[in-house]
Amino acid sequence: MIRIDLRIGLRYEIDAGGADFVFNIHAAQTPRQTLSAETLHLDPPLATTLHTDAVTGNRRLRLRAPAGALRLAYAVVVELDHYRTDPAQLTEVAVQDLPPQVLGYLYPSRYCQSDRLSRLAADEFGTLPRGHARVQAIADWVHRRVIFTPNSSNASTSALDTLVARAGVCRDFAHLMIALCRAVGVPARFVTGTDYGADPALGPSDFHAYVEAYLGHRWVIFDPAGTGIPMGYLRIGTGRDAADVAFATVFGGVVTHAPKVSATALADAAHGVALPYLCSEALSTDEALDTMVGASTSVTRSNANL
């Protein structure tokens, strides 16, 4: 068991006329990621709406703020009870056996143009044995070819741009890996969290982007940027790419200040709570989805008899 104390502080200056905000900063609740002591404070106090997506589990907070300063402080204690397994046991799932909610992560998306990387992916990874090892080979390939360089990309940088520039930040590493995975038929999704374990030389603690690939009917964690300790990554949002899970989307004239993010591991040996560490096991914070396959198959057969 891993326990993380997450704290996020956001600050904005809003122009006359006010602004609308959609935040995706609340930690996700999954069968293996549970939350306690969750609080949200707004200055000034404002009416909010919090919605949890039934499929992704993303929790989006909406509010409208008047002109002036806005401060938001979110805190939560997150417990991670990872599913751990020998990577060699994780196989790729045939397209015909994918649950319906996974299919969308096979397609090209705004920042992950997998259709334009199919030849490169086939040349580099097409002959490798299928399974966790092939996906890890993709992560390693991205890690070797892209240099982590702060401020080297922007909100419009795509997987193709990163492939050419060979420099980027965590979201750029994630987009390129996702595009290559999809190009060889492995569903992959973009995940937002925090950069637990990152070298302080890279800058203050911040939000972090990594990858989950669908293997053995589970979403398995990969970090092509390799900047932190994946066992300490708590999940905030998942999507096809960064466009789906921005931590803040703003409608109106707003000056944005740098976020303040901290993720502190809390050890409690007496109750089996350890500090995160680098391990060789495959990690997942999801339950297996293979039970959904049988359900969708039965629906297909039923429809065929109509």
Side-chain angles (χ1 to χ4, degrees), residues 8 22-28 30 33 52-53 55-60 98-99 101-117 121 135-136 138-143 146 148 152-163 165 168-196 198 206-215 218-228 230 232-249 259 261 263 282-286 289:
I8 297 172
V22 181
F23 295 104
N24 189 185
I25 60 170
H26 283 68
T30 78
Q33 179 170 295
T52 301
D53 186 278
V55 176
T56 65
N58 294 344
R59 303 167 69 203
R60 292 191 174 90
L98 291 172
Q101 66 268 43
V102 175
L103 288 174
Y105 299 103
L106 276 177
Y107 306 144
S109 59
R110 175 178 175 182
Y111 294 112
C112 303
Q113 309 100 315
S114 51
D115 53 333
R116 299 183 62 185
L117 292 174
V135 179
Q136 186 62 58
I138 294 173
D140 293 342
W141 189 93
V142 173
H143 183 73
V146 180
F148 191 93
S152 60
S153 61
N154 55 47
S156 66
T157 301
S158 71
L160 288 178
D161 297 324
T162 301
L163 182 64
V169 294
C170 57
R171 61 170 266 158
D172 306 309
F173 284 77
H175 283 152
L176 181 54
M177 178 181 172
I178 289 167
L180 291 169
C181 284
R182 293 176 186 172
V184 296
V186 176
R189 67 186 186 183
F190 188 93
V191 190
T192 57
T194 58
D195 60 351
Y196 179 87
D206 204 349
F207 293 105
H208 185 58
Y210 57 100
V211 176
E212 288 181 341
Y214 194 70
L215 297 167
R218 289 182 186 272
W219 288 108
V220 179
I221 296 170
F222 294 85
D223 184 17
T227 54
Y233 293 172
L234 59 90
R235 183 199 303 175
I236 294 176
T238 60
R240 295 167 300 170
D241 56 32
D244 288 342
V245 286
F247 76 84
T249 304
V261 180
L283 302 174
S284 174
T285 56
D286 259 331
L289 298 180

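All of these numbers come straight from a predicted model, not from anything done at the bench.
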> Once you round to the nearest 0.5 Å, how far does CD of E212 lie from OG1 of T285?
Replying inline: 5.5 Å
> Got a second to check how far D172's CG is from D161's CG, nearest 0.5 Å?
Replying inline: 8.5 Å
Which atom pair, heavy atoms only, marks the closest approach of [X] to [Y]?
X    : Y    : value
V186 : A213 : CG1-CB, 4.2 Å
A183 : S114 : CB-O, 3.7 Å
D53  : V55  : OD1-N, 2.9 Å
G228 : D223 : N-OD2, 4.0 Å
S109 : D241 : OG-OD2, 2.9 Å
V220 : A282 : CG1-CB, 4.0 Å

Tell me, do [X] and [Y] make a side-chain contact under 4.5 Å, heavy atoms counted?
X    : Y    : value
W141 : L180 : yes
R235 : I221 : no
F222 : V142 : no
L234 : I236 : yes
W219 : V102 : yes
C170 : D195 : no
V135 : M177 : yes
V245 : V191 : no

> Where does the angle between the aromatic ring planes of Y210 and Y233 fall among parallel (under 30°), tilted (30 to 60°) and perpendicular (over 60°)?
Replying inline: tilted
> Can you list the residues that meet the side-chain contact (heavy atoms from CB on, under 4.5 Å) rule with A246, with sequence neighbours excluded?
Replying inline: T249
> With no hydrogens and no angle check, do the side chains of R171 and S153 hold a donor and an acceptor under 3.5 Å apart?
Replying inline: no
> Would you say the side chains of Q113 and S158 form a donor-acceptor pair under 3.5 Å?
Replying inline: yes
> Taking only residues two or more places apart in sequence or in another chain, which ones pass ring pair (Phe, Tyr, Trp, His ring centres under 6.0 Å) with F207?
Replying inline: F247
>> Under the criterion side chain to side chain contact (heavy atoms under 4.5 Å, CB included), I'd like the reasoning laid out for N24 against V22: C-alpha separation, chi angles, the key distance, then a yes or no.
In response: CA-CA 7 Å; N24 189 185; V22 181; over 6 Å; no
Output yes when a side-chain donor or acceptor of [X] lies under 3.5 Å from a complementary backbone atom of [Y], and no otherwise.
X    : Y    : value
H175 : A242 : yes
R218 : D286 : yes
H143 : P224 : yes
Q33  : A28  : yes
T192 : G237 : yes

> Does the separation of the ring centres of Y105 and Y214 fall below 6.0 angstrom?
Replying inline: no
>> Tell me if the CZ atom of R116 is crowded by more than 12 foreign heavy atoms within 6.0 Å.
In response: no
> When you look at CZ of R240, are more than 12 heavy atoms from neighbouring residues, nucleotides or ligands closer to it than 6.0 Å?
Replying inline: no
> Does the pair V261 and H208 meet the rule for a side chain to side chain contact (heavy atoms under 4.5 Å, CB included), with working shown?
Replying inline: CA-CA 10 Å; V261 180; H208 185 58; over 6 Å; no
> Does a side-chain N-to-carboxylate-O contact under 4.0 Å join R189 and D244?
Replying inline: no
>> Working note: T157 + V169, criterion side chain to side chain contact (heavy atoms under 4.5 Å, CB included); need CA distance, chi angles, decisive distance, verdict.
In response: CA-CA 10 Å; T157 301; V169 294; over 6 Å; no
